[in-house]
Structures are given as C-alpha cells and as structure tokens.
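This report refers to the structure that appears directly beneath it.
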Amino acid sequence: MAKITIDEKICKGCGLCADACPKKVISLSEHRMNANGYFVAEAVNPQNCIGCTFCAVMCPDCAIEVER
C-alpha cells in the first residue's frame, strides 16, 4: 500500500492536490492551520491511496511525498 506524507509547514492550502487525486485521499482541513495561517491538506482516506503521485506532481510547493 502506498503512503502519503504532507509537509504541513510549507503547504499553502491551494487544493490542487485534492483536485488531482482520483481516489479522494486528500482534502483541505477545515480545522487545522499551519504557522502561516493556511488550512493545510490532509490525508483523509490514506487507505485508498494507489500511489499514482498525481497529488505530488500537482503540488506547486513540493509539500507532498508518496512512497510506494
């Protein structure tokens, strides 16, 4: 199973990763903010990750790492 890691310190909450994910593994948090005041992306269904890396490729800040 693939594992997704999101670096919340550099995430700007743009949502491109959530839009790119075909399995809806990632969503923007409605409660958690990083030190910069952005609502961060979080893996809400990590068990559904297929390791496609679409989220990591779409992230403009390289805040996502996918391990297969």
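Worth saying up front: this structure is predicted, and the values here are computed from it rather than measured.
- When side chains are defined from C-beta on, I4 counts as touching I64, because their heavy atoms get closer than 4.5 Å.
- Two residues are said to be in side-chain contact when any heavy atoms from C-beta on lie closer than 4.5 Å; P22 and F54 meet this criterion.
- Q47 is not listed as a side-chain neighbour of V25, based on a closest heavy-atom distance of 4.5 Å or more.
- Under the 4.5 Å side-chain criterion, counting only non-hydrogen atoms from C-beta, C17 is not in contact with M58.
- No side-chain donor-acceptor contact under 3.5 Å links N45 to the backbone of N48.
- A 4.5 Å side-chain heavy-atom check between E65 and E67 finds at least one atom pair inside the cut-off.
- In this structure, SG in C11 is found 7.0 Å from CG in L28, a value given to the nearest 0.5 Å.
- Counted within 6.0 Å of CD on E30, heavy atoms from surrounding residues, nucleotides or ligands total 12 or fewer; the atom is thus considered open.
- No donor-acceptor distance shorter than 3.5 angstrom exists from the side chain of N36 to the backbone of Y38, with no hydrogens or angles considered.
- Taking all atoms of both residues into account, the shortest heavy-atom contact from K9 to N34 is O-ND2, 3.9 Å.
- In this structure, M33 and G37 approach most closely via the heavy-atom pair SD-O, 3.5 Å.
- Between C62 and I10 the shortest heavy-atom distance is O-CD1, 3.9 Å.
- Here the NZ-CD1 distance, from K23 to I50, works out to 5.5 Å after rounding to the nearest 0.5 Å.
- A heavy-atom distance below 4.5 Å is not found between the side chains of L16 and C59.
- In this structure, R68 contributes its side chain and G51 its backbone to a donor-acceptor pair below 3.5 Å.
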